[in-house]
There are 2 protein chains.
Amino acid sequence: MERGGSGVPGGRRKQRVSMADVAKLAGVSSQTVSRVSNGHPGVISSTREQVLAAMRELGYRPNSAARALRYGQFNTIGVILFSLSSTGNSRTVEAIATHAAAEGYAITLIPIDVPTQDNVLGAFTRMGELAVDAVIVIMEIHLLDTGTVQLPPGVHVVVVDSDAGDRYSVVDTDQADGARQAVRHLLDLGHRTVWHVTGPQASFAGQRRAHAWRAVLREAGRPVPPALYGDWSAESGYAAGLVLADPPDCTAVFAANDQMALGLLRAFHERGLSVPYDVSVVGFDDIPDAAFFVPPLTTVHQDFAEVGHRCVQKVLEQIRAGGGGQPGTDLVPTRLVVRGSTAAPRC
Amino acid sequence: MERGGSGVPGGRRKQRVSMADVAKLAGVSSQTVSRVSNGHPGVISSTREQVLAAMRELGYRPNSAARALRYGQFNTIGVILFSLSSTGNSRTVEAIATHAAAEGYAITLIPIDVPTQDNVLGAFTRMGELAVDAVIVIMEIHLLDTGTVQLPPGVHVVVVDSDAGDRYSVVDTDQADGARQAVRHLLDLGHRTVWHVTGPQASFAGQRRAHAWRAVLREAGRPVPPALYGDWSAESGYAAGLVLADPPDCTAVFAANDQMALGLLRAFHERGLSVPYDVSVVGFDDIPDAAFFVPPLTTVHQDFAEVGHRCVQKVLEQIRAGGGGQPGTDLVPTRLVVRGSTAAPRC
DNA sequence: TGACAGCATGTTTACGTAAACATGACGGCG
DNA sequence: CGCCGTCATGTTTACGTAAACATGCTGTCA
């Protein structure tokens with residue numbers, strides 16, 4: 001009960017139990033232990049029992065390094081990302097981890113604290129040294145496009161949030177369609193035009209949403225107001241809201257995510273504008289809290305779990321096929337969830 | 001450009017480049033390659049250059065499985081958790097990943113989708129087979145206390161969100177003190193008593209917050225209203241809010257997290273109760289959005305980054321010391337952030 | 001009855017790396 | 001002038017596993 005787990009008295013370094021130890025105790029060869037350990041047939045049950053007993057007694061656990069060396073693969077997928085703080089990323093990672101686990105793969109996280117060229121390069125270098133069979137990149141891939149940065153050869157890659165579909169396998173939410181639904185919803189309600197608070201310039205998702213917003217307005221022949229630049233944070237949404245509230249000719253805003261929409265709600269409330277009667281607001285993401293904003297937020301639902309799931313599927317396909325998967329973009333559909341933050345404009 | 005990366009025409013299995021290949025090309029022994037690869041001294045610069053050139057040409061990457069086998073460690077920390085969806089967990093994990101990376105360690109995530117005994121057991125079994133030097137458990141440790149589940153021997157453990165300080169190294173936010181600050185703040189404002197919306201029963205953090213809430217009220221000789229049970233979600237906070245709004249003798253509520261506080265705000269708003277003039281609300285966590293709720297939420301700030309940091313520190317201490325770290329609880333302080341959701345009661 | 005199939009188990013080897021030890025060349029100093 | 005220390009580099013070995021091959025025993029059928 002007090003022992004450190006090592007039976008060796010005063011044992012200075014815990015020597016892990018190997019097959020050879022089990023074999024000795026069970027009085028068999030280590031190959032037989034291997035067969036038992038891997039559930040291979042051709043071991044008589046009495047022998048098997050003996051081996052299992054020895055394993056239990058010694059607390060044997062297979063050494064995965066040796067296994068990986070032998071098999072040439074690690075059963076591990078690396079996930080490179082910039083931040084776990086955003087709802088989207090953490091939910092996607094969670095789905096990746098869950099589905100990977102179901103397939104017998106573990107997930108290794110490689111965070112990049114500041115997305116400088118150097119850091120990204122460093123992460124990829126580290127990645128190369130890491131024990132991973134494949135990599136999922138949840139990040140703006142164009143950060144990697146300077147030519148100096150190369151993904152390690154022989155490592156399978158799937159990318160999220162990127163337009164690199166011509167070179168990599170890409171999985172992403174259908175950003176453009178989601179944004180179109182949001183803007184059309186507002187136009188359908190009778191708004192003359194729709195303002196937009198963008199995500200950060202560097203985000204491809206943000207770019208796509210902004211692009212679709214602009215496209216819908218143009219198609220409908222509506223004036224395109226200048227975009228307000230945000231950075232995903234509620235604070236930036238709040239700042240944008242203060243700007244929009246000032247000359248109150250804005251009746252509808254599409255925020256590129258729910259948190260900025262929250263900032264908008266707060267700014268409008270502070271300035272005495274009623275949502276949705278004075279201004280309609282639509283968000284993007286459908287974070288769980290969105291239904292409990294005041295008023296409940298109309299927003300575009302993203303299926304992060306599905307994105308994660310498809311990433312794992314694609315990456316496993318690549319691993320199993322052996323070759324690099326063919327490039328291409330796999331879009332996960334979105335769906336507009338209409339709640340209380342949108343309404344027809346006051347006449 | 002089209003090749004799979006393997007120079008072998010029709011090569012069916014990508015054979016990774018090993019030291020031996022580099023050595024052959026550079027015309028040296030593989031040991032010299034090893035020395036160059038690890039930056040050891042005692043290699044003349046001309047030789048070094050030759051080796052480096054060969055590495056570049058072949059795209060050599062060290063095989064971490066072989067390395068791990070050789071060294072007996074993986075430079076990897078496993079993180080077992082129940083969900084990444086909560087702000088707290090994902091921020092903690094992010095901090096863990098960042099600090100671990102700075103120390104040359106990678107993070108392997110082991111998610112547990114449903115916290116049944118079986119799943120937890122499975123995760124720990126898998127853990128034993130995984131390539132990790134230590135484990136950080138972000139979860140209710142009492143799920144493991146039935147005796148059937150054993151952490152693999154020889155693996156170092158640090159636990160978050162638990163009272164298992166007598167058996168494991170525990171790092172946690174000072175839940176009790178945070179809750180005390182919240183409740184005292186409300187009492188100091190003149191509220192006769194404070195209601196409480198709890199976290200899930202299974203959460204130790206939730207239990208602690210509830211316990212401290214009760215203790216402060218008792219110490220102050222105030223009546224202790226029945227707790228309302230929540231599950232961290234905004235929805236459960238909303239449900240609690242509807243209950244509290246009905247017989248409006250409640251002037252102050254302490255919610256065990258910010259999302260439930262959001263639900264409360266919405267319920268009160270819907271019932272025409274003004275926050276903070278009719279009811280004061282305090283949350284817990286200080287999620288980034290809390291400052292942009294309507295009204296801005298008074299809440300207890302948790303330093304998740306610090307929790308993650310200390311986890312990594314402790315775990316590395318254990319790895320380096322070789323022995324299991326001594327049990328004990330390391331508490332990270334909290335701080336009350338007063339915003340607009342609290343005020344003195346209407347006389 | 002002998003030859004051989006089938007089966008349980010043992011032995012050899014290779015995976016890629018790096019520590020430990022071995023070699024050999026060169027130079028300085030007694 | 002020869003001995004030895006130093007330094008660059010090569011050779012051997014071990015890490016734990018599992019495939020491939022080897023062994024030896026049992027039972028069956030011609």
Side-chain angles (χ1 to χ4, degrees), chain A residues 13-52 54-55 58-76 128-133 152 154-155, chain B residues 13-52 54-55 58-76 104 128-133 152 154:
Chain A
R13 278 185 71 248
K14 174 79 168 60
Q15 212 63 359
R16 264 191 52 174
V17 182
S18 77
M19 281 193 168
D21 303 319
V22 176
K24 199 159 66 179
L25 179 62
V28 299
S29 77
S30 65
Q31 182 57 217
T32 300
V33 176
S34 167
R35 281 189 264 255
V36 171
S37 174
N38 293 31
H40 283 298
V43 180
I44 210 169
S45 61
S46 64
T47 310
R48 178 181 305 276
E49 280 315 314
Q50 247 175 313
V51 171
L52 288 174
M55 281 180 171
L58 297 176
Y60 169 76
R61 303 185 287 137
N63 180 317
S64 44
R67 266 201 162 125
L69 177 59
R70 191 80 243 284
Y71 286 131
Q73 54 165 334
F74 305 96
N75 275 28
T76 297
E129 292 161 7
L130 278 170
V132 296
D133 303 312
V155 170
Chain B
R13 279 186 69 247
K14 174 79 167 62
Q15 213 62 358
R16 264 191 51 176
V17 182
S18 76
M19 282 193 166
D21 303 319
V22 175
K24 199 159 66 179
L25 179 62
V28 298
S29 77
S30 64
Q31 183 57 218
T32 300
V33 177
S34 168
R35 282 190 264 254
V36 171
S37 174
N38 293 31
H40 283 299
V43 181
I44 209 167
S45 61
S46 65
T47 310
R48 179 182 304 275
E49 280 314 312
Q50 249 174 312
V51 170
L52 288 173
M55 282 180 170
L58 297 177
Y60 169 75
R61 304 186 287 138
N63 180 316
S64 43
R67 264 201 164 126
L69 178 59
R70 191 79 244 284
Y71 286 131
Q73 58 165 334
F74 305 95
N75 275 28
T76 297
E129 291 162 8
L130 278 171
V132 297
D133 302 312

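Taking atom CG on B:Leu69 and atom C1' on D:dC15, their separation rounds to 4 Å, with Å as the unit. The CD atom of A:Gln50 sits 9 Å away from the P atom of C:dT9 (whole-angstrom rounding). If you measure from atom CD of A:Glu49 to atom C1' of C:dA8, you get 16 Å, rounded to the nearest angstrom. Going from atom CZ of A:Phe74 over to atom C1' of C:dC15 covers 11 Å, rounded to whole Å. Nucleotide C:dT17 holds its C1' atom 15 Å from the CG atom of B:Asn75, rounded to whole Å.
The two atoms that bring A:Asn75 and A:Asp133 nearest to each other are N-OD2, 2.6 Å, heavy atoms only.
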(request) Would you give a per-nucleotide map of nucleotides 6-13 of chain D, 5' to 3', where B means the base has a protein non-hydrogen atom under 4.0 Å away, S means only the sugar-phosphate does, and - means neither? (result) --SBBB--
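Residues passing the side chain to side chain contact (heavy atoms under 4.5 Å, CB included) test with B:Ala65 are A:Ala68, A:Leu69, A:Phe74, B:Asn63, sequence neighbours excluded. For A:Thr32, the side chain to side chain donor-acceptor pair (under 3.5 Å) test picks out A:Ser29, with sequence neighbours left out. Residues forming a side chain to side chain contact (heavy atoms under 4.5 Å, CB included) with A:Ser37 (at least two apart in sequence, or on another chain): A:Met19, A:Met55, A:Tyr60, A:Arg67.
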Donor-acceptor pairs under 3.5 Å, side chain of residues 41-52 of chain B to any protein atom, not counting sequence neighbours: which ones?
| from | atom 1 | to | atom 2 | distance (Å) |
| --- | --- | --- | --- | --- |
| B:Arg48 | NH2 | B:His40 | O | 3.3 |

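If you take CZ on B:Arg35 and OG on B:Ser30, they are separated by 9.5 Å, rounding to the nearest 0.5 Å.
Dashed line: the shortest gap from a side-chain N or O of B:Asn38 to OP1 or OP2 of C:dA18 is under 4.0 Å. At least one side-chain nitrogen or oxygen of B:Tyr60 sits closer than 4.0 Å to the OP1 or OP2 atom of C:dT17. Residue A:Arg67 has a polar side-chain atom (N or O) positioned under 4.0 Å from OP1 or OP2 of D:dA18. For the pair B:Tyr71 and D:dC15, the criterion of a side-chain N or O lying under 4.0 Å from OP1 or OP2 is not met.
Base contact: A:Ser34 has a heavy atom under 4.0 Å from a base atom.
Overall, the helix from C:dT1-D:dA30 to C:dG30-D:dC1 carries an axis bend of 70° between its ends, with five pairs at each end and the value rounded to 10°.
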Tabulate protein N/O versus nucleotide N/O from nucleotides 26-28 of chain D, keeping only pairs under 3.5 Å, one per line.
none

